[in-house]
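Here is the structure we will look at, set down as structure tokens.
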Amino acid sequence: MTAVNHPPAPTAEQIAAVDAAITTRRSLRAFLPTPVPRETIEEILVVASRAPSGTNTQPWKVYVLTGDAKAALSAKIMAAHDDPALRAQHVDEYDYYPTEWRSPFIDRRRKVGWDLYGLLGIAKTDKARMHRQHGRNYDFFGAPVGMMFTIDRVMQQGSWLDYGMFLQSIMVAARARGLDTCPQAAFTQFHRIIVEHVGAPPNEQLVCGMSLGWADPAAIENTLVTEREPVGGFTHFLG
Ligand SMILES: Cc1cc2nc3c(=O)[nH]c(=O)nc-3n(C[C@H](O)[C@H](O)[C@H](O)COP(=O)(O)O)c2cc1C
């Protein structure tokens, strides 16, 4: 799929299809084991590679893991996640979150956490179950496809902005095909294990991971629909 000139004015169905691919995207945390064909994964990446980037730098690098390669990575990370002494040796390479939390961000963060753990019936005091649920990240929530994203260390903040557009494009293109995703910063703590496993060279830094697959319709955690501010809450119309 290559870039094309603008097609004629979109039909109502085309508008609805694009909007639905965006608005039905949710971070899902339970997948069926049904494999995703390699051609489908490639198709999604071809579409997403049309994401814009400053001066067309295309700062993304993707490692797609399935089968044994995915299972072996999950096992290595789980071993570190489940051993407090080992886990302490793994620290994030970049700050995804602020070091100082403020309202409204902290409130939204708490709300989504409570909503997810509430659905799963995990009490705030139940550290063992919270640890296990967090560990589901490293099994890609049962998804048949795990992706790891890296960026060259010479690239700056602007390229991380480009990267977000690429990631969102993957998630939307997946949704258009009936697939679901979960972007995962949880992997960044274990970047050393991951870059070694995928064979990324030292100039590449892990940005995040992502699960891709078909959602498990029976999983209670997949019923979570997160809230959003109304447009008036984050927009000023001037003039
Ligand atoms: C870059 C990025 C990293 C994320 N990391 C994780 C993660 O490690 N584990 C997880 O369960 N969800 C993760 N999420 C999902 C967010 O919690 C989710 O996007 C947010 O709560 C809004 O919900 P929605 O995606 O269903 O609309 C991440 C989202 C983004 C964009």
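For this chain, numbers begin at 1 and follow the sequence in order.
- Judged by distance alone, with hydrogens and angles left aside, the side-chain atoms of H197 form no donor-acceptor pair with the main-chain N or O of K70 at under 3.5 Å.
- Defined by atom type and a distance below 3.5 Å, a donor-acceptor pair is missing between the side-chain atoms of T24 and R26.
- A distance-only check finds a donor-acceptor pair linking the side chain of S211 to the backbone of F140 [under 3.5 Å].
- Atom CG of residue N222 and atom CZ of residue F141 lie 9.5 Å apart, to the nearest 0.5 angstrom.
- Relative to the six-membered ring of Y117, R129 misses at least one condition, a distance below 6.0 Å or an angle of at most 45° to the axis.
- Counting heavy atoms of neighbouring residues, nucleotides and ligands inside a 6.0 Å radius, atom CG of D19 exceeds 12 of them.
- Between the side chains of D92 and H191, no donor-acceptor pair is found at a separation under 3.5 Å.
- With 3.5 Å as the limit, one finds a donor-acceptor pair spanning the side chains of E204 and Y63.
- Side-chain N or O atoms of Q168 include none that pairs as donor or acceptor with a backbone N or O of M165 at under 3.5 Å.
- Distance alone, capped at 3.5 Å, is enough to place a donor-acceptor pair between the R192 side chain and the Q89 backbone.
- For the pair R50 (side chain) and S169 (backbone), a donor-acceptor distance under 3.5 Å is absent.
- A salt bridge links R108 with E229: the distance from a Lys NZ or Arg NE/NH1/NH2 to an Asp or Glu carboxylate oxygen falls below 4.0 Å.
- Proximity of a side-chain donor or acceptor of Q184 to a complementary backbone N or O of N137 within less than 3.5 Å is detected.
- Under the 30°/60° scheme for interplanar angles, the aromatic rings of F187 and Y138 are found to stand perpendicular.
- With a 4.5 Å cut-off on side-chain heavy atoms, Q205 and T150 do not count as touching.
- Electrostatic pairing of E196 and K76 does not count as a salt bridge here, judged by no charged N lying under 4.0 Å from a carboxylate O.
- Using cut-offs of 30° and 60° for the angle between ring planes, the H81 and H134 rings count as tilted.
- Ring pair F166/Y163 is perpendicular by interplanar angle, where above 60° counts as perpendicular and below 30° as parallel.
- Proximity of a side-chain donor or acceptor of T235 to a complementary backbone N or O of G232 within less than 3.5 Å is not detected.
- Judged by distance alone, with hydrogens and angles left aside, the side-chain atoms of D83 form a donor-acceptor pair with the main-chain N or O of L86 at under 3.5 Å.
- A salt bridge links D115 with K111: at least one charged nitrogen is closer than 4.0 Å to a carboxylate oxygen.
- For the pair D216 (side chain) and A218 (backbone), a donor-acceptor distance under 3.5 Å is present.
- The number of heavy atoms from other shown groups lying within 6.0 Å of CG (D68) does not exceed 12.
- Between E93 and R153, at least one side-chain nitrogen of the basic residue sits less than 4.0 Å from a carboxylate oxygen of the acidic one, meeting the salt-bridge criterion.
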